[in-house]
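Note sheet for the following structure.
Lettering follows sequence order; numbering is per chain, from 1. Values below: every heavy atom of this structure, side chains too, minus hydrogens, waters and symmetry copies.
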Number of protein chains: 4
Amino acid sequence: MPTDTFFNLPKEKRNRVVKAAIYQFASKGYSKASVTQIVHDAQIAKGSFYQYFNDKKSLYKYIVKMALDKKLEYIIEMDSSKIDGLYYFLIQINIAIIRFAEENINLARIVNDLPNMEQTYIYEELEIYHKKSGLNLFIPRLKKAVQEGKIKPEVNIHYAAHLLYNSSLFITNYFLEEKGVNSHKDMIPVIENIIGLIILGIKKDGGES
Amino acid sequence: MPTDTFFNLPKEKRNRVVKAAIYQFASKGYSKASVTQIVHDAQIAKGSFYQYFNDKKSLYKYIVKMALDKKLEYIIEMDSSKIDGLYYFLIQINIAIIRFAEENINLARIVNDLPNMEQTYIYEELEIYHKKSGLNLFIPRLKKAVQEGKIKPEVNIHYAAHLLYNSSLFITNYFLEEKGVNSHKDMIPVIENIIGLIILGIKKDGGES
Amino acid sequence: MPTDTFFNLPKEKRNRVVKAAIYQFASKGYSKASVTQIVHDAQIAKGSFYQYFNDKKSLYKYIVKMALDKKLEYIIEMDSSKIDGLYYFLIQINIAIIRFAEENINLARIVNDLPNMEQTYIYEELEIYHKKSGLNLFIPRLKKAVQEGKIKPEVNIHYAAHLLYNSSLFITNYFLEEKGVNSHKDMIPVIENIIGLIILGIKKDGGES
Amino acid sequence: MPTDTFFNLPKEKRNRVVKAAIYQFASKGYSKASVTQIVHDAQIAKGSFYQYFNDKKSLYKYIVKMALDKKLEYIIEMDSSKIDGLYYFLIQINIAIIRFAEENINLARIVNDLPNMEQTYIYEELEIYHKKSGLNLFIPRLKKAVQEGKIKPEVNIHYAAHLLYNSSLFITNYFLEEKGVNSHKDMIPVIENIIGLIILGIKKDGGES
DNA sequence: GATGAATGAGGATTCATTCAT
DNA sequence: TATGAATGAATCCTCATTCAT
């Protein structure tokens, strides 16, 4: 969504703009993010900014797309084809997401802020990208597990996917806010616990609840 | 967080202010909510507003506290002492929350928007209230279940509470957005499905994952 | 189209705003007129301006309405009921318009600039007022003259009204620009000439053209 | 008013610039016309534009001159020497102008917008050209008619010329705006009516006004 | 205690023109 | 000569807060 002009810029300058924008959106959110602050941080002229992007919204959409793409990169990288069991798959996907968050803190903040945009008109224009790294991450894998007879027949795939996506968001937020957590490795037990919980349930076998 | 002046006001006037504020915060969110619009809707003078509240933030905190208190009312009302099983407890608590949302749509919106404030400085000042109707809703009950030997020993209570709180938020959002849902009763199957999932797990017994 | 706030202002302040606005619109036209300049000239704060008027357009519409009303005042004042002949009526109406222009130069400039707004969306919202001091000034009088048998049957009332309205605009512009003309009295011969021309025609009787 | 560079350009490129400029000035007016849009439409570089013209004003003056020249072409073409009567001459000249408008809608819009520029400093620099296709169109012919004794002695040539010029503008505007009018031929009755009116007057012979 | 006008820094966006390559 | 990125003052407008009455 940037203009051609933006792509003709030297990479270094483009990076300054992107970096400043990411910082603004991550720390202030879309509507409080200030174009004035972005151009100041990126050391470009106000007018230049509007030669790179039609408006603030265009920039935002570009950054969000970039963030979601980056998130997907981490997920694709994990080469899910080799992962057989559902439990292991879910562990891996959450680890991938946390690694994304670890290495791209501000992009992760932006991604995790997306659900808050859902009521706005901007969201609709982002929905396609968002879906790819949202619910759709889980639905196909759950369907496969159903076919393989590995999932209880009474489980509703739709709700389960929601729960899993939601959990991944929550896990990421947990990571982003928890100041004591330094590496994605520290999160592995948390992930295992939560995914284990979803897979096996809270309830002790044999007990009635 | 209002001034004494506010509490000396006739109840009817106070209600006008509260109602207008709830509407603004629910529909626009904190930062986009307009003081000008609130005083207009409440039919009070701009200057009066600043005699009732030090600033917009004070009003927001007051409304949030009110919303959380109201939510708690619904939860307390359900008289959990009589509820024995954990599953049934979780179903009931989610139904209570949905009933709160059903009868106080705008307050529910404000409550469910709270996690988005987490990065802001305002959140810290609200944390205490938030906790009461958040995580702390689940932790004591989970501890009890542990003592009763009803929960797998490897389950981490802390994370389980997070997952349950998160699920309750997600269920509420689902209710608030789903236009086809008219009554909290329509949500009961959804709740049962999701809670069932958390209690029993996704995995089919006997299968390896 | 101003807000109540504007009308609550002391007359002196209101006049400062109106005067500054008239000056801007008259000298720059609608789109080049600067709100910043207006508030500067009127010695009010930018924010105050937007408490008086919703936007620049509202102010413009207010000023245009004011200008057209003022123009009408001069026309109504001439007490057309006592004016019998069409020629005399047309002379008088043009004199009234020139007197309006003489005593309200900038308002007259704004009024005479209106036809240029015709292609804009603003015009539509002003049309009603404009019509009253435009074509409709002439049509009823021409109809009356037709009934009295004083007008050639082949004359199309519609076109004649247009020609007369157009001539009045032209006469006013002539007055506004002609630097040598100091008083409306200097314009009387011009008016008589032009109206005489429209009434009697250019052509010498008996000559073939 | 373009630079030599402009005239050294291949004709095709020059035309692209001219066409884009005409479109802008016709549809937006001088001050709203966008240089950025012109260079975009003409597919030339911003910098190139300023090598062809010193500034926006220079381009405008060039286009206006072009428009007035084109208008004159249509008028000259009608070979007025062969036209004898004043009435017929006026009919023909108005038809010529309408034909110009019909075949050069955007140029006609620019020409008819000129009077609105009269208050601006730009106008002065265009005045010479404007006059040639304005008042001066009528004055010589009126003088001739006076010499031939075909015009009432009390008619002031100067004012009559103004009225006629003004009427031609009005007729053209009428043509440009009237959506039901497809061809200049549809305008002939209107022209005959208005010119007839000016030649013979509104007043019925024998009646007193 | 009530009122509502005043404030001004800040918001996003536009645009003719310049200048380095 | 052609290019297109850079510029920055100017545009309209918003809004929480203050203050005089």
Side-chain angles (χ1 to χ4, degrees), chain A residues 3-10 13 31-39 43-59, chain B residues 3-6 8-10 13 31-40 43-59, chain C residues 3-10 13 31-39 43-59, chain D residues 3-6 8-10 13 31-40 43-59:
Chain A
T3 63
D4 291 344
T5 308
F6 182 67
F7 290 116
N8 293 336
L9 251 34
K13 189 176 221 174
S31 70
K32 283 269 169 178
S34 159
V35 171
T36 303
Q37 195 60 50
I38 290 170
V39 302
Q43 287 172 287
I44 60 167
K46 265 268 185 59
S48 297
F49 177 83
Y50 284 93
Q51 282 198 310
Y52 307 156
F53 298 92
N54 289 324
D55 47 26
K56 183 177 157 182
K57 193 179 72 179
S58 292
L59 170 63
Chain B
T3 62
D4 291 344
T5 312
F6 181 67
N8 291 334
L9 251 34
K13 190 177 211 173
S31 69
K32 285 260 172 180
S34 157
V35 171
T36 303
Q37 195 60 51
I38 290 170
V39 303
H40 174 265
Q43 288 172 285
I44 60 166
K46 259 285 184 47
S48 299
F49 178 84
Y50 284 90
Q51 279 184 317
Y52 307 154
F53 298 91
N54 289 322
D55 47 25
K56 185 176 156 182
K57 192 178 70 180
S58 293
L59 170 64
Chain C
T3 63
D4 291 345
T5 308
F6 182 68
F7 291 115
N8 292 336
L9 251 35
K13 188 177 225 174
S31 68
K32 283 269 169 179
S34 159
V35 171
T36 303
Q37 195 60 51
I38 290 170
V39 303
Q43 287 171 287
I44 60 169
K46 263 269 185 58
S48 298
F49 177 82
Y50 285 93
Q51 282 198 310
Y52 306 156
F53 298 91
N54 289 324
D55 49 25
K56 184 176 155 184
K57 192 178 73 178
S58 292
L59 170 64
Chain D
T3 62
D4 292 344
T5 312
F6 181 68
N8 291 335
L9 250 36
K13 190 175 210 175
S31 69
K32 286 259 172 180
S34 157
V35 171
T36 302
Q37 195 60 50
I38 290 170
V39 303
H40 174 264
Q43 288 171 286
I44 60 167
K46 258 290 183 46
S48 299
F49 178 84
Y50 283 90
Q51 279 183 317
Y52 307 154
F53 297 91
N54 288 323
D55 49 25
K56 185 175 156 183
K57 193 177 71 179
S58 293
L59 170 64

Would you kindly give the CD1-to-P distance between A/Ile38 and E/dA12, to the nearest whole Å?
-> 8 Å
DNA chain F nearest-nucleotide lookup for D/Gln43 and B/Lys32: closer to the 5′ end is D/Gln43
Using whole Å, report how far NE2 of D/His40 lies from P of F/dT3.
-> 14 Å
With no hydrogens and no angle check, is any side-chain donor or acceptor of B/Lys13 less than 3.5 Å from a backbone partner on B/Ile44?
-> no
Answer yes or no: does a side-chain N or O of A/Asn8 lie under 4.0 Å from OP1 or OP2 of F/dG4?
-> no
In whole angstroms, how far is the C1' atom of F/dC15 from the CG atom of C/Asn54?
-> 15 Å
Find out whether A/Val35 and A/Leu59 are in side-chain contact, i.e. whether some heavy atom of one side chain is under 4.5 Å from a heavy atom of the other.
-> no
For D/Ser48, which contact category applies under a 4.0 Å heavy-atom criterion: base, sugar-phosphate, or nothing?
-> base
C/Ser31 and C/Lys56: which non-hydrogen atoms are nearest, and at how many Å?
-> O-NZ, 3.2 Å
Go through F/dA5, F/dA16, E/dA12 for me and flag the one nearest to the A/Val35 side chain.
-> E/dA12
Picking from F/dA2, E/dT18, E/dA2, which would you name as closest to the side chain of D/Lys46?
-> E/dT18
In whole angstrom, give the distance that lies between atom CD of B/Gln37 and atom P of F/dC15.
-> 10 Å
Short side-chain N/O contact to E/dT17 OP1/OP2 from D/Tyr50, under 4.0 Å | yes
Does any donor atom in the side chain of B/Thr5 or B/Asn8 lie under 3.5 Å from an acceptor atom in the other side chain?
-> no
Can you find a side chain N or O atom of D/Ser34 that sits less than 4.0 Å from OP1 or OP2 on E/dC15?
-> no
Which residue lies more 5' along DNA chain E, comparing A/Phe49 with B/Ile44 via nearest heavy atoms | B/Ile44
Hey, does A/Lys56 reach any base, or is it just sugar-phosphate, or nothing, if we go heavy atoms under 4.0 Å?
-> sugar-phosphate
Separation of E/dT18 atom C1' from D/Phe53 atom CZ, nearest Å, is 18 Å
Between CG of C/Asp4 and P of E/dT3 the distance, given in whole Å, is 15 Å
Using Watson-Crick geometry (N1-N3 plus N6-O4 or O6-N4) or G-U wobble (N1-O2, O6-N3), each under 3.5 Å, E/dG11 is paired with F/dC12
Between P of E/dG1 and OH of B/Tyr52, the distance in whole Å | 9 Å
Base, sugar-phosphate, or nothing: which does B/Lys13 touch, judged by heavy atoms less than 4.0 Å apart?
-> sugar-phosphate
Which residue lies toward the 5' end of DNA chain E, B/Gln51 or A/Asp55, if each is placed at its nearest nucleotide?
-> B/Gln51
Has D/Thr36 got a side-chain N or O lying under 4.0 Å from the OP1 or OP2 atom of E/dT14?
-> no
Atom NZ in C/Lys46, atom CD1 in C/Ile38: separation rounded to 0.5 Å?
-> 11.0 Å
Main-chain N/O of D/Tyr52 paired with D/Thr3 side-chain donor or acceptor, under 3.5 Å | yes
Contact class for A/Phe6 vs. all strands (heavy atom < 4.0 Å): base, sugar-phosphate, or nothing?
-> nothing
Using both distances under 3.5 Å as the test, list the Watson-Crick or G-U wobble partner of F/dT21, or none.
-> E/dA2
Can a side chain N or O of C/Thr5 be found less than 4.0 Å away from OP1 or OP2 on E/dG4?
-> no
